[in-house]
Each structure stands twice: as structure tokens, then as C-alpha cells.
Colleague: 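The structure under discussion is supplied below as C-alpha cells; questions concerning it will follow.
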Amino acid sequence: MAASEEELELLRRQLLGMKEETEKQGELVRALKGNKVSKKEIDEAVEVLMRLKLEVQAKEKELVAKAVGSDGGKSSSKETFRQLLNDTLSNRLFFIPAFKIYGGVAGLYDYGPPGCAVKANVLALWRQHYVLEEGMLEIDCPCVTPEVVLKASGHVDKFTDFMVKDEKTGMCYRADHLLKDYCNDSLEKDPLLTAEKRQELKGVLSTLDELNAQQLGAKIKEYKITAPDSKNPVSDPYPFNLMFSTSIGPAGNAPGYLRPETAQGIFVNFSKLYYYNGNKLPFAAAQIGQAFRNEIAPRQGLLRVREFTLAEIEHFVDPEDKSHPKFKDVADLQFLLYPRKEQLAMEKPVKTRIGDAVSQGIVNNQTLGYFIARTYLFITSLGIDKERLRFRQHLPNEMAHYASDCWDAEVECSYGWIEVTGLADRSAYDLKAHSEKSNVDLTAFEKYSEPKEVETLRITPHLKLLGPAFKKDADTVGKALLAMSEEEALGMKAKLDADGQAPLEICTTGKKFTIKKEQVSISKEMITETGRRFTPGVIEPSFGIGRIIYCMYEHCFYTRPSKSGDEQLSVFKFPPVVAPIKCTVFPLMQNEKLNDVAKEISIALTRAGVANKIDITGTSIGKRYARTDELGVPFAITVDFETEVSIDATLRERDSRAQVRVPLAKIASVVRDISDGHLAWETVLSTYPNVAPSHDD
């Protein structure tokens with residue numbers, strides 16, 4: 001029987017006491033030998049010591065056995081499951097290491113035919129779910145990005161991970177990954193850990209993203225973590241920029257990078273998109289494309305790679321109105337939320353109604369809440385278990401200083417909880433940063449129904465004084481002063497009035513300056529306005545398509561015994577909408593007439609837009625079913641000798657293996673409608689005659 005955590009902790013404490021007693025007995029033996037007492041006394045003490053050591057070993061075995069029992073063998077079963085899954089994915093060519101004949105390159109993968117089809121189907125569903133249903137503007141921007149763009153966005157200076165090096169071999173590792181692996185391995189594989197130590201390691205994991213280089217280095221030294229490949233000591237952590245650098249043009253004078261995300265292409269095109277949308281807010285722009293990150297130590301298959309597909313949305317809103325007209329449509333959805341309060345208290349995620357989360361201020365605003373709910377619907381539509389999907393709120397130290405609220409959609413798989421989508425209220429940071437750097441207006445204008453007398457803020461930098469004081473930075477300082485929000489400007493005015501000077505930080509570079517009272521005038525005046533000009537805020541959902549697909553593979557994969565029971569057959573239970581092939585067509589055996597009918601059905605399926613595959617190899621029907629189940633094909637049509645007489649064929653569903661006879665004239669449209677989600681398999685079962693499964697199935 002599995003032991004409870006309380007029972008395990010009692011065993012740990014008993015073991016600790018026994019070890020202390022053994023150590024004391026060992027000290028006694030050493031003291032007796034040093035005092036040259038009689039051999040009889042020493043032998044008796046040694047006998048007691050050996051007995052205590054045997055008791056410790058027995059207690060350790062008992063603890064390990066009960067700890068493994070309480071774990072249910074999850075650690076080993078996870079690894080076995082993952083190995084079987086990856087073998088199937090590789091053997092059936094869903095994805096494989098790139099450039100394998102030359103030894104491969106870590107973090108680069110090729111998608112084979114079924115993998116390409118799955119990816120295309122997931123992206124098509126994403127476009128339907130977001131671009132079409134939400135009326136978004138889709139664009140496609142270059143992967144090569146000039147340095148100035150990524151300088152403005154902050155990527156050149158801040159897009160880093162902390163890296164450590166093997167002090168002898170020079171092999172590089174991500175510092176936080178080494179610490180994370182140590183904590184997870186200790187928690188999963190060391191049953192001797194005390195409750196205090198377990199709580200400590202869980203605390204480290206919950207705050208891992210908050211640790212700076214010094215804190216990471218201190219933990220690595222405290223836990224005596226070494227390089228996993230050589231067991232050599234590692235260096236202190238230091239930042240490493242993850243972008244691939246390049247040069248644009250033959251002269252090499254224009255530095256650039258392969259984009260680390262697709263978002264910047266949307267931001268720099270804001271004014272054009274705003275005009276295209278009739279100068280109206282809110283609106284959303286979307287982009288699907290490749291992104292590149294020079295990962296320090298890629299691992300975990302598609303979960304951490306150097307080239308990957310992102311699908312990103314930038315939803316532009318009035319910062320003063322983040323309501324959403326369709327929020328009421330999703331307000332009653334309930335799913336697992338993991339707010340920062342529960343994380344800091346080390347409590348579990350809570351199933352919460354999204355409407356309540358927004359009204360209670362757990363989620364910052366309706367638009368962010370709406371996209372969280374829509375993301376829940378999208379991810380679960382792919383076959384991902386809703387009980388193993390949660391939305392985790394960023395802790396305060398995880399969030400950028402400009403962000404209002406951030407959540408990650410995380411899916412539990414054999415590697416633990418994996419972030420697959422980030423949802424952030426980025427405020428107006430991005431547009432302000434690019435406007436400041438490019439000197440191009442990236443604002444929106446709201447026209448009032450009639451003119452208003454309003455109190456407005458007037459900021460006047462005195463350029464004649466800024467020039468001598470800041471020299472080459474004078475222009476940057478002047479623009480930064482003009483870009484201040486009302487709250488920032490009034491705060492500066494109060495500081496100037498009180499102290500005669502005030503600090504100013506440039507958001508894009510982090511540079512700090514001291515502004516003196518005579519260098520800028522800040523005042524409020526009454527003016528007549530016909531409208532309001534402002535920099536829009538941005539709500540950004542960002543989807544890692546490869547990560548989503550890998551988690552879908554894990555959640556859809558299972559095995560079942562063959563008819564004979566002598567082997568386990570692999571199956572992917574993909575929803576029809578994302579399955580690489582929707583239907584296979586089999587003649588029951590090698591026969592010219594059956595082959596001809598099968599080919600006609602295949603042509604009809606193709607004309608109906610149904611991806612299908614015909615198999616006339618003559619292999620047993622059971623083996624052909626097994627082959628297509630392993631590819632996740634949801635339906636199979638079998639043409640037999642009854643087809644000529646009854647003018648129908650057998651339609652089999654993958655997971656239930658239930659079969660019905662459907663007229664040839666209808667079978668293509670039936671499969672199309674089920675695959676598109678317009679017809680339920682249960683309806684098909686109740687509409688057409690059921691037949692017993694084949695003896696080979």
C-alpha cells in the first residue's frame with residue numbers, strides 16, 4: 001500500500017535518529033581504539049556499530065520502497081512512456097533530428113510528412129479560432145531584423161539567459177536548468193529528504209525565474225551542483241544573449257539579427273495597420289512565422305529548440321478602456337488558475353470562473369481575461385486534457401517593469417509543467433519605445449462627439465539648456481521628457497519643485513540622467529480639444545506552436561493490446577481536425593474490383609477536401625488498422641465483397657473501433673463532416689447500421 005507523506009516523514013525522522021545514534025557509536029569505537037582498551041570491549045562496541053548500520057540500511061530500504069510505492073512508479077513510468085512516444089514519433093517520421101547524416105545539430109529538427117500535416121492543421125485551426133473568428137489583421141514580416149529595431153525593443157541589451165561553463169571542458173549549460181534539474185531529481189528520486197529540505201527545494205523551484213546571477217551562483221555552490229556530463233565544477237553564472245547575429249548586405253556594415261519573436265514586425269507597422277483598420281481601436285494584428293534563439297543547451301525535443309514557429313497576436317486597446325465586447329460569451333468558463341497568491345503560499349491551482357477572476361481583480365482586465373479563456377478553448381480543442389492545463393500568473397519579479405499583468409498557459413507532460421503560451425498586458429511600452437527611437441508617431445486619436453474644455457499637461461524641454469548639459473544624449477533626453485505619462489511628469493514636477501532636480505531613465509537603454517528644474521517646464525493648462533491622442537496599450541498572446549504540438553502528442557498517445565494480446569499497439573487519439581490523415585481506404589484483400597471501388601472512394605474523399613490514404617498492399621486488415629492507428633488516423637473505410645451487393649462500405653472509428661455501414665454515395669461527405677466537426681460520431685452510430693468489428697481488429 002502507498003505510504004502517505006506523513007508516514008514517509010515519520011520514517012525519515014526515525015532514520016535520522018538512527019543515523020545520529022550510529023555516528024555516536026562510531027565515535028565511541030574510535031575513542032576506545034585510541035585509548036587502547038581491551039580487545040573484548042572494542043569487539044563488543046564494533047558489534048553494536050555493525051548492528052546499527054544494518055538497521056539503518058534496513059530502514060533506508062523500507063523508506064525507499066514506501067516512497068516508490070507512494071510515487072506509484074511515476075518517475076520510471078514517465079521515462080518509459082516518453083521513450084515509447086519518442087520512438088513512435090521518430091519511426092513514423094513525425095519529427096527527426098535535422099542533418100542527422102552529419103551527426104545532427106542540437107535544437108534543430110525536421111518535420112516529416114505526418115508532422116508537417118499535424119502542424120499545418122494546428123495552424124489552420126489557430127487561424128480559424130483567432131484570425132477569422134476575431135477579425136484580426138494578419139501580416140507576414142521578414143525573419144532578418146535590423147539591429148536598430150531590436151535595440152529599441154530592448155532585445156540587444158536584455159534578451160539573455162544566465163550561463164555557466166564546465167571549468168575543464170568549456171561545455172556550456174543554462175544555470176537555472178542545472179538548479180531546476182537538481183531540485184526535481186532530489187524531490188523525485190531521494191526519499192531520504194526531510195520535509196524541511198523538500199519544502200526548501202519546492203521554494204527554490206517556485207521562485208527560480210526570480211533569481212539573479214549571484215543568487216543562482218550561490219545556490220549552485222550551496223548544493224554542490226556540477227556539470228552533468230563530466231561532474232566537473234562550473235563557473236559563476238553570467239548573461240548570454242540568445243539572438244543569432246548577422247549582417248545585412250555585402251559590405252557587412254548593417255548589423256542585424258534573426259528575429260527572436262515575431263511581435264516587433266507588428267509594432268513597427270502599427271500606424272499602417274491602424275490606418276487600414278479605419279483609424280479605429282481596438283484591433284488586433286496576428287503573425288505566424290519562424291523565430292530563432294541560440295539556446296545555450298537545447299533539450300527535451302520540440303520543447304526547447306533553436307528555430308521554432310510562433311503564432312503571436314498584438315491586440316491594441318485604449319489604455320483607459322480594456323473592456324471586451326465578447327467577454328460575456330466566455331465569462332462562465334471555469335478552468336485551473338494559479339494566481340501568484342497561491343504560488344507564494346505553495347498551494348495548488350484553483351478551478352475558477354474567469355468572470356469571477358476578472359471582477360475580483362485576479363486577472364487585470366476583461367481583454368486579458370477574454371484571451372485567457374479563448375486560449376483555454378483553443379488548447380483543449382487539440383486533445384489536451386483540461387485537467388492538465390493551468391494558467392499561471394507571473395510573480396512580481398518575473399514581470400517586466402512596464403507590464404500590468406502576465407499569465408502563462410502551462411501543460412503538464414512527462415517533463416513537468418511546460419509553458420506553451422504567454423499572455424501579457426504589456427501596457428504601451430512597445431509603441432512608445434519604437435516611437436522614441438524612430439521619431440515616428442505611433443499614437444491613436446479618439447475624436448470627441450463635441451469639443452471639450454480640458455486640463456492638459458504641457459511638457460516643454462528647453463533644448464538650449466539640454467544641449468550643453470547632455471551633448472550627444474540631448475535629443476534622446478528631450479524625446480524621453482515629451483514621452484512621459486501624466487503621472488510620470490507630475491512626479492518629476494514635484495521632485496523638481498522640492499529638490500531642484502529629478503532622475504530620468506530611458507526605458508529602451510536603461511540610461512539614467514539627472515534633470516534640473518530650469519531644463520524643462522511642466523504645467524497644466526485649460527485648452528479646447530476636439531479629441532484625445534494617446535499611445536495604445538497592447539495585450540499579447542504568444543503561442544509556441546512546437547511546444548503545443550509536443551504536449552498534444554503526449555496527451556493523445558496511448559497503447560492498447562492487440563487482438564491476440566501478445567503485443568502493445570501504439571495509438572494517437574488526435575481529434576479529427578488536427579489528424580495528419582483523416583481517413584484511410586482499404587480493400588479487404590487484393591482484388592481488382594475491390595481495388596477499383598477503393599480508388600473511387602479515395603477520389604471522392606479528395607474532392608471533398610478530406611486528406612486520405614489508400615492501402616492496397618493486401619496485408620491483413622488488422623495490421624493495416626494498426627499502422628494507421630499509430631499515425632492517429634481517426635477513420636478507416638473498408639471495401640469488401642458485400643459492397644458490390646449493398647453499395648456501401650464499412651466505416652471504422654479509431655478509438656472505439658466501432659463500425660457502421662455507410663452508402664458509397666454518402667461516405668465521403670460523412671467523413672468530411674465528422675472531420676470538420678460538423679457531425680458527431682455518436683450521430684453516425686445512431687444513423688447507420690452497426691456491424692461487428694473485424695476479427696483482425
Side-chain angles (χ1 to χ4, degrees), residues 1-16 19 56 59-83 162 164 173-211 215-229 231 234 237 297 299-300 303-304 336 338 340 342-350 387-390 392 395 397-398 408 410-419 551 554:
M1 182 181 291
S4 67
E5 186 56 41
E6 290 77 13
E7 291 174 304
L8 292 176
E9 183 56 25
L10 177 60
L11 286 172
R12 291 188 190 104
R13 293 190 181 281
Q14 290 173 351
L15 179 60
L16 185 62
K19 284 185 173 181
V56 166
K59 184 63 71 175
E60 285 180 340
K61 287 181 179 178
E62 179 187 1
L63 178 54
V64 169
K66 291 198 173 183
V68 171
S70 68
D71 180 56
K74 287 180 182 177
S75 299
S76 59
S77 64
K78 281 180 183 178
E79 292 173 4
T80 302
F81 168 82
R82 188 191 305 143
Q83 186 61 53
F162 292 117
V164 294
Y173 303 94
R174 257 185 69 169
D176 60 332
H177 283 177
L178 291 186
L179 182 56
K180 181 180 180 181
D181 289 346
Y182 169 83
C183 293
N184 283 329
D185 287 347
S186 299
L187 289 168
E188 289 181 9
K189 299 175 183 177
D190 187 356
L192 307 181
L193 284 178
T194 63
E196 291 82 3
K197 193 66 176 178
R198 296 177 75 82
Q199 195 73 0
E200 176 191 326
L201 294 179
K202 288 179 180 178
V204 171
L205 287 172
S206 68
T207 58
L208 193 61
D209 291 334
E210 300 181 46
L211 302 181
Q215 291 167 325
L216 280 170
K219 286 293 180 187
I220 287 171
K221 287 178 181 175
E222 178 186 346
Y223 297 143
K224 297 180 173 61
I225 297 172
T226 57
D229 298 307
K231 307 307 176 188
V234 295
R299 58 183 189 167
Q300 300 177 342
L303 297 181
R304 190 163 297 282
L336 290 174
Y338 202 10
R340 59 175 66 101
E342 280 70 18
Q343 293 176 61
L344 293 171
M346 294 189 186
E347 297 174 358
K348 293 182 178 180
V350 181
E387 300 302 325
R388 295 164 64 197
L389 167 66
R390 71 185 186 189
R392 186 186 70 83
L395 296 172
N397 288 350
E398 287 182 82
D408 288 338
E410 297 181 334
V411 177
E412 186 182 30
C413 70
S414 65
Y415 291 106
W417 287 96
I418 300 298
E419 175 198 345
C551 291
E554 281 212 6

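What you are looking at is a predicted structure, and each value in this text was computed from that prediction instead of being measured. Any value given below was found using the heavy atoms of this structure, including those in side chains, with hydrogens, waters and symmetry copies removed.
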Colleague: Is there a side-chain contact between Leu216 and Val164, using heavy atoms and a 4.5 Å cut-off?
Modeller: no
Colleague: Which heavy atom of Arg304 sits nearest a heavy atom of His177, and at what distance?
Modeller: NE-CE1, 3.2 Å
Colleague: Check Arg174 against Asp176 and note the closest heavy-atom contact, atom names and distance.
Modeller: NH2-OD2, 2.6 Å
Colleague: If every non-hydrogen atom of Ile418 is compared with every non-hydrogen atom of Cys551, which pair is closest and at what distance?
Modeller: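 Closest approach of Ile418 to Cys551, heavy atoms only: CB-SG, 4.4 Å.
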Colleague: How many angstroms lie between atom CG of Leu336 and atom CZ of Arg388, to the nearest 0.5 angstrom?
Modeller: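 Answer rounded to 0.5 Å: 12.5 Å.
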Colleague: Other residues, nucleotides and ligands only: do more than 12 of their heavy atoms fall within 6.0 Å of NZ on Lys197?
Modeller: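 Yes, NZ of Lys197 has more than 12 neighbouring heavy atoms, counting only those of other groups under 6.0 Å.
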Colleague: Measure the spacing between CZ of Arg392 and CD of Glu342 and express it to the nearest 0.5 Å.
Modeller: 13.0 Å
Colleague: Say you draw a straight line from CG of Asp185 to CG of Leu201; how long is it, rounded to the nearest 0.5 Å?
Modeller: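 Reported value, rounded in 0.5 Å steps: 11.0 Å.
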Colleague: Can you name the closest pair of heavy atoms from Cys183 and Val204 and give their distance?
Modeller: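 Shortest heavy-atom separation between Cys183 and Val204 comes out as SG-CG1, 3.8 Å.
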Colleague: Distance check, rounded to the nearest 0.5 Å: Leu208 atom CG versus Glu398 atom CD?
Modeller: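 The CD atom of Glu398 is 9.5 Å from CG of Leu208, to the nearest 0.5 Å.
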Colleague: Is NZ or CZ of Arg390 both nearer than 6.0 Å to the six-membered ring centre of Trp417 and within 45° of the ring axis?
Modeller: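 So Arg390 does make the cation-pi contact.
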Colleague: Using 0.5 Å steps for rounding, measure from the CG atom of Asn184 to the NZ atom of Lys180.
Modeller: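 Result: 6.5 Å between the selected atoms.
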Colleague: Would you give me the side-chain donor-acceptor pairs under 3.5 Å for residues 219-229, sequence neighbours excluded?
Modeller:
unit_1, atom_1, unit_2, atom_2, d
Lys221, NZ, Asp236, OD1, 3.2
Tyr223, OH, Glu200, OE2, 2.5
Asp229, OD2, Tyr173, OH, 2.6

Colleague: For Arg82, enumerate each residue passing the side chain to side chain donor-acceptor pair (under 3.5 Å) test, keeping only those at least two apart in sequence or located in another chain.
Modeller: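 Arg82 satisfies side chain to side chain donor-acceptor pair (under 3.5 Å) with Ser414 once adjacent residues are dropped.
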Colleague: Of the non-hydrogen atoms in Phe162 and Leu211, which two are nearest, and what is the gap between them?
Modeller: CE1-O, 4.0 Å
Colleague: Quick one: pull up OH in Tyr415 and CD in Glu554 and give me the separation to the nearest 0.5 Å.
Modeller: 7.5 Å
